Amino acid sequence: MGNVFVICEIEEGKIADVSLELLTKGRSLANDLKCKLEAVVLGHQIKGIEKQVFPFGVDVLHVGEHKELEVYRTLPFTSIIVELFKQEKPDICLLGASTLGRDLGPRVSSALQSGLTADCTSLEIGDHTDKKAGKDYKDLLYQIRPAFGGNIVATIINPDCRPQMATVREGVMKMEVFSEAHKGKIKTIDVEKILKPEDLLVKVLERHMEKSKVNIKNSSIIIAGGYGMGSKEGFDQLYQLAEVLSAEVGASRAAVDAGFADHERQIGQTGVTVRPKLYIACGISGQIQHTAGMEESSMIIAINNDSNAPINKIADYVINGDVNDIVPKLIKLYKKNTK
Amino acid sequence: MGLKIIVLAKQVPDTRNVGKDAMKADGTVNRAALSAIFNPEDLNALEQALRLKDRYKGSEVTILTMGPGRAADIIREGLYRGADKGYLLTDRAFAGSDTLATSYAISCAIKKIKSFDIIVAGRQAIDGDTAQVGPQVAEKLNLPQITYAEHVNFAENGKISVLRRLERGVETVEAPLPCVITVNASAPDCRPRNAKNLMKYKHAKTVTETQDQSEDYIDLTTDRPYLQIEEWSVNDIETDAKWLGLTGSPTKVKKIENVVFQAKESKRISNNEDELEELIVELIENHTIG
Ligand SMILES: Cc1cc2nc3c(=O)[nH]c(=O)nc-3n(C[C@H](O)[C@H](O)[C@H](O)COP(=O)(O)OP(=O)(O)OC[C@H]3O[C@@H](n4cnc5c(N)ncnc54)[C@H](O)[C@@H]3O)c2cc1C
Ligand SMILES: Nc1ncnc2c1ncn2[C@@H]1O[C@H](COP(=O)(O)O)[C@@H](O)[C@H]1O
């Protein structure tokens with residue numbers, strides 16, 4: 001049986017968070033399957049990159065280093081991964097559900113005729129019986145994901161094709177160092193030998209990347225606002241509350257769509273998944289696509305003027321009333337009691 | 001010089017409007033209550049194709065859709081907005097296709113259409129949110145792909161230049177034609193229906209749809225061949241049955257669970273200062289805040 005592979009992304013010389021999260025998940029899957037965890041890193045000037053991945057429990061790191069791999073491009077990356085997978089025959093391959101992973105994943109799966117499940121929210125190992133064919137499968141990857149606009153949760157399997165491929169969004173899996181002392185083996189990919197001239201026909205002429213300014217994912221307290229905040233100005237009181245509590249401000253999609261907050265603050269199925277210590281939902285109704293991204297918060301406080309808002313069902317504390325009235329009170333009362 | 005552009009468009013259930021009436025009493029979705037719509041990002045894709053047609057005289061925009069018979073609505077909608085023709089790929093043999101089997105069938109249909117410069121798809125379909133079919137079609141046709149397209153700078157002299165919108169920025173790429181691009185929702189919205197086109201194509205129908213019509217209608221399509229929406233079954237395109245439908249789909253659905261809101265024991269606090277203060281003090285004391 002093959003091993004568990006994680007395709008890692010690099011951002012300015014650093015392995016992306018989503019890849020480290022997948023390595024953590026990959027390590028635990030490899031433990032369940034009693035196989036190795038292998039990682040792939042492609043790029044240019046990436047000497048020493050192994051120091052970033054080995055602590056996450058990587059047994060074998062495949063490194064492809066070449067000038068043509070400096071910025072991600074579909075065709076060269078696909079050729080290399082496909083070639084590597086033909087040799088290594090992985091059992092499982094995980095990628096970030098990032099713009100890179102969702103560009104590369106389908107291409108690779110199509111070339112290898114293997115199944116790919118996008119945007120998984122949970123990955124587990126389990127068995128399967130195909131009653132019709134009378135076949136038993138052991139140790140498949142259960143790829144669990146919301147579908148149908150988040151209204152159903154489906155468990156997808158690839159019984160016969162390998163690798164079993166899945167993408168996962170940033171922030172969905174936990175990131176955990178396996179052991180600082182862990183050391184794996186490095187294998188070098190002969191990039192020159194694999195790349196063909198046709199792989200290099202697409203050119204990246206210009207790139208403008210910005211560092212993400214907000215970091216809601218790593219914040220232990222999140223004040224999230226919804227459409228009920230009424231306006232961009234309405235959000236100002238949330239920033240004030242966030243400031244006194246050393247929190248970050250998040251938003252629902254309806255609030256983002258209405259222009260009350262930037263897209264990078266969106267929480268939920270099509271935004272980031274967060275699991276802070278405290279989540280205060282202000283003027284958010286709590287549609288399933290939103291709660292999918294925050295329901296694992298340790299404590300949830302809902303502030304809503306509708307006593308039947310769905311968010312109340314998952315909240316630990318429900319404050320019934322107008323946000324414009326309650327949020328300033330919370331600021332005042334917090335200041336009073338921490339003096 | 002005109003471009004031949006194929007737009008991949010899908011009819012999807014309107015999962016974004018799962019309103020109160022679309023939820024059953026047990027908290028699960030009532031799928032029958034969802035209407036079938038033109039996949040939103042496929043409209044962004046269509047707009048990009050129409051802009052290329054406006055810019056390069058003599059261009060032709062063809063809609064290709066795979067789905068049940070009623071997906072012909074998608075083609076009519078495309079014609080009303082400015083597309084020139086459409087193909088409906090429909091057969092029981094395609095039922096149960098995952099993205100790989102879908103992209104295989106679509107790529108076989110494209111091989112039959114044969115002559116094209118650009119294939120434009122939406123980034124993703126809202127029924128599955130997978131964003132896989134575009135790149136998989138590109139791979140099957142051995143073409144370069146440009147995903148997350150927001151703006152086409154130009155498509156001439158055998159090259160296309162596209163601005164891509166990535167999660168942390170933008171990128172301009174240039175690719176040789178023919179190629180596949182997938183278009184983001186951040187690209188411009190699609191233009192509305194055009195009244196003249198609406199008149200012209202109101203009676204456009206597939207063969208199956210015309211069969212239910214009167215003799216007069218059939219005469220009408222003989223006079224005006226543009227009213228005939230091409231309909232292809234598995235026999236009209238060259239395929240290998242082992243890559244089609246359920247058999248050709250490596251991914252299988254093992255289990256489906258409806259999401260049901262689960263009520264948790266929650267503490268109700270009313271909007272008066274004493275109760276709010278009690279909560280704040282409690283949170284400070286148990287180190288949740290402060
Ligand atoms: C495929 C798909 C993906 C999606 N992804 C996401 C996602 O990632 N994240 C996301 O958030 N949504 C997502 N959505 C949208 C989601 O379905 C909801 O439409 C959205 O979350 C609603 O946002 P809201 O709660 O802010 O707005 P609304 O539903 O309009 O709720 C506003 C709430 O504010 C309350 N309110 C109004 N005024 C006040 C006041 N003065 N004081 C107190 N309360 C007040 C109202 O009672 C109401 O409960 C997605 C939808 C689909 C179909
Ligand atoms: N059945 C289909 N018919 C035509 N185009 C499709 C079909 N399925 C997917 N597509 C195209 O592929 C894109 C991505 O779909 P998906 O991979 O399902 O998210 C869509 O936006 C469409 O442009």
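So that the names make sense, note that chain A is the first sequence line, chain B the second, and so on, each numbered from 1. The structure displayed is predicted, hence computed values, not measured ones.
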So what's closer than 4.5 Å to chain B heavy atoms on [X]: side chain, backbone, both or neither?
{"X": "Met299(A)", "result": "side chain"}
{"X": "Asp199(A)", "result": "neither"}
{"X": "Ile301(A)", "result": "side chain"}
{"X": "Ile156(A)", "result": "both"}
{"X": "Leu205(A)", "result": "both"}
{"X": "Leu245(A)", "result": "side chain"}
{"X": "Asn337(A)", "result": "both"}
{"X": "Lys203(A)", "result": "both"}

| query | Would you say the side chain of Lys336(A) lies within less than 4.5 Å of the side chain of Glu277(B), judging by non-hydrogen atoms? | reply |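 In short, these two side chains touch, coming nearer than 4.5 Å.
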| query | Would you say Lys332(A) and Ile280(B) make side-chain contact, with heavy atoms under 4.5 Å? | reply |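 No, too far: nothing below the 4.5 Å cut-off.
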Nearest heavy-atom neighbours spanning [X] and [Y]:
{"X": "Gln269(A)", "Y": "Asp129(B)", "answer": "NE2-OD2, 3.8 Å"}
{"X": "Asn320(A)", "Y": "Asn271(B)", "answer": "O-CB, 3.6 Å"}
{"X": "Thr130(B)", "Y": "Arg145(A)", "answer": "CG2-NH1, 4.1 Å"}

| request: Residue by residue, scan residues 108-118 of chain A and write down, ordered by number, those that have a heavy-atom distance under 4.5 Å to chain B; if none do, write 'none'. | output: Ser109(A), Ser110(A), Ala111(A), Gln113(A), Ser114(A), Gly115(A), Leu116(A), Thr117(A), Ala118(A)
